[in-house]
Amino acid sequence: MRYLSDVAALARKDLLLELRAKETIPAMLLFVLSALTIFHFAIPRGSSDVAALGLLWVAIVFTSLLGLTRAFVPEREQGLMDALIMAPCDRSTIWLAKTLSVIAFLGVAEVVALPAFTLFFSGLNLKTVAAVVLADIGIASVGTLTGAMAVAGNARELIQPLLFLPLSIPVIVGGIGASATAGPKFLLFLALYDAVFVLLSWAAFDFVAAEA
Amino acid sequence: MVSARNLSKRYDTRRIFDKVDIDLDEGGFLLVTGPNGAGKTTLLRVLAGLAAPTSGELVLPVRGEIGYLGHEPLVYKQLTPRENLTLFGRLYRVPDREQRIKALLERFALWDVRDKAVATFSRGMQQRLGLGRVLLHEPKLLILDEPFNALDTAGAALLDEELATRSRRAVVVATHDPGRVEGLATERLAFT
């Protein structure tokens with residue numbers, strides 16, 4: 001119960017910081033809409049729906065990277081990771097709260113991005129929407145861990161994409177697979193990815209935070 | 001409360017400090033002096049549990065019983081003083097949290113600005129809030145790194161009072177200008 005109370009307090013803090021600063025979500029919205037607009041004009045008329053869905057997943061991954069790069073900015077700029085890791089709470093609560101807030105930011109971006117995609121390209125089926133939800137969980141859990149690793153490093157702006165993008169390749173594979181093929185195979189693949197990386201990130205955060 | 005034997009810290013081949021011994025009991029006051037860049041901050045971070053020593057033995061109070069104030073106040077500048085202290089009060093499981101926060105904000109002359117963003121505060125006000133943050137959970141070991149540097153006159157006077165009235169708390173203060181707290185020290189460690 002205390003664990004959840006700590007997560008709630010930390011997540012509330014992250015959401016409050018974004019509400020006050022209004023930096024991450026507007027940037028993500030602008031980026032994803034710009035990317036979809038560019039893709040709309042860039043791919044030839046008559047291209048397949050699968051190609052368009054591929055671009056949707058590219059837009060989602062790079063939009064999430066933008067949000068993830070900002071995830072630990074308050075802690076990094078003001079040295080607050082020290083204050084958080086000294087608190088007598090389980091350090092994984094910091095990761096879980098940050099992951100939940102990243103999922104919330106991604107959700108807001110996608111509430112705008114998915115209708116924009118249907119406007120520019122083609123309609124989306126329920127499987128694609130389910131894949132996006134599953135992908136958000138995986139992206140946020142892995143990306144929050146790599147974000148915390150980047151806080152500890154010197155070349156922070158380089159480390160986050162270098163660590164996160166290779167780990168997000170299975171999300172793209174699973175997302176496009178779920179969108180373009182019949183059957184639940186790729187949704188199960190995304191769910192498995194989530195289960196593995198949520199568990200790994202949750203367990204590893206204590207060590208990462210100690211170095212941050 | 002704090003016991004260190006042959007404590008050393010190196011970054012690669014660079015020696016930060018070497019074979020430091022510390023014994024600090026309840027009510028003890030360790031004054032760490034030395035010029036800038038001598039390794040005082042690194043030692044304090046090791047004593048706060050924020051960095052691991054390269055070698056040596058170290059016994060510290062458990063996490064949550066240590067209060068550390070570094071060069072930065074370690075508060076969220078987009079949040080208000082009340083929101084900051086409420087967050088840390090929850091994480092540190094401070095009993096009677098609301099009353100304790102009110103008392104601290106009044107004591108540090110921040111009650112009137114309790115609902116204003118910390119970003120609008122002067123550096124001295126921010127550091128007073130930082131001091132409130134480390135005292136909120138009544139730590140058994142209080143570690144202060146150059147605490148008077150960023151404090152305004154009112155904050156410095158409050159800190160003088162806090163340090164002078166310590167009872168069962170152990171205190172470690174690092175400063176390059178020891179005059180202000182020299183008389184309180186029970187242990188001394190000089191870096192060169």
Side-chain angles (χ1 to χ4, degrees), chain A residues 1-26 70-98 101 105 148 151-154 205-212, chain B residues 11 41 44-52 60-80 82-94 97 115-120 123 126-127 129-134 136-143 145:
Chain A
M1 200 61 196
R2 275 188 166 179
Y3 188 92
L4 292 179
S5 161
D6 290 343
V7 171
L10 288 162
R12 181 178 178 276
K13 172 265 298 176
D14 287 325
L15 296 175
L16 259 181
L17 287 173
E18 177 54 24
L19 278 174
R20 303 261 164 86
K22 296 183 181 67
E23 287 175 349
T24 305
I25 291 176
R70 306 268 329 151
F72 281 97
V73 164
E75 283 77 15
R76 192 182 72 203
E77 288 182 347
Q78 295 154 38
L80 273 150
M81 205 57 143
D82 285 349
L84 294 181
I85 66 173
M86 285 184 72
C89 57
D90 192 316
R91 287 172 180 168
S92 66
T93 56
I94 304 168
W95 167 82
L96 184 53
K98 199 68 88 175
S101 57
F105 299 165
V151 171
N154 289 326
F205 190 81
D206 196 1
F207 302 102
V208 172
E211 297 297 322
Chain B
Y11 287 122
T41 295
L44 262 56
R45 289 182 62 80
V46 168
L47 295 180
L50 292 168
L60 291 171
V62 297
R63 199 152 56 102
E65 291 184 345
I66 302 174
Y68 171 74
L69 183 63
H71 297 161
E72 293 293 324
L74 304 187
V75 290
Y76 287 95
K77 293 184 181 166
Q78 299 285 354
L79 301 185
T80 67
R82 186 147 66 175
E83 287 166 344
N84 268 292
L85 295 188
T86 299
L87 171 67
F88 287 104
R90 280 186 178 168
L91 297 180
Y92 278 90
R93 328 219 181 287
V94 173
R97 195 172 57 235
D115 293 322
K116 290 190 174 166
V118 175
T120 63
R123 183 77 178 89
Q126 290 182 13
Q127 197 70 352
L129 179 60
L131 200 52
R133 178 188 59 77
V134 294
L136 179 65
H137 61 286
E138 298 184 327
K140 288 183 177 173
L141 172 62
L142 181 62
I143 300 173
D145 192 359

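Since the model is a prediction, treat every value here as computed from it, not as a measurement. Convention: sequence-line order gives letters A, B, ...; per-chain numbering from 1.
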- Sub-4.5 Å side-chain heavy-atom contact between B/Tyr92 and A/Met86: yes
- Task: Report yes if the side chains of B/Glu72 and A/Gln78 come closer than 4.5 Å at any heavy-atom pair, otherwise no.
- Result: no
- Query: Which heavy atom of A/Ala83 sits nearest a heavy atom of B/Arg133, and at what distance?
  - Reply: CB-NH1, 4.0 Å
- For the pair B/Arg90 (side chain) and A/Ser5 (backbone), establish whether a donor and an acceptor sit closer than 3.5 Å, ignoring hydrogens and angles. no
- Note on the structure: d(B/Thr86 OG1, A/Lys13 NZ) to nearest 0.5 Å is 14.0 Å
- Message: At a 4.5 Å cut-off on heavy atoms, which part of A/Leu10 comes close to chain B: side chain, backbone, both, or neither?
- Response: both
- What part of B/Leu91 is in contact with chain A, defined as an atom under 4.5 angstrom from a non-hydrogen atom: side chain, backbone, both or neither? both
- Item | A/Arg20/B/Glu83 ion pair, N-O < 4.0 Å | yes
- Message: Would you say that more than 12 heavy atoms from the other residues, nucleotides or ligands in this model lie under 6.0 Å from the CZ of A/Arg2, or not?
- Response: no
- Message: So B/Arg93 and A/Asp6, do their side chains get closer than 4.5 Å, heavy atoms only?
- Response: yes
- Value for CG (A/Asp82) from CG (B/Leu50), rounded to nearest 0.5 Å, stands at 4.5 Å
- Task: Sort B/Ala48 into side chain, backbone, both or neither according to what part of it lies under 4.5 angstrom from a heavy atom of chain A.
- Result: both
- Note on the structure: In terms of heavy-atom contacts, B/Arg63 and A/Ile85 come closest through NH1-O, 3.0 Å
- Message: Counting only non-hydrogen atoms closer than 4.5 Å, does B/Val75 touch chain A with its backbone (N, CA, C, O), its side chain (CB onward), both, or neither?
- Response: backbone
- Side-chain heavy atoms of A/Leu84 within contact of B/Phe88, under 4.5 Å: yes
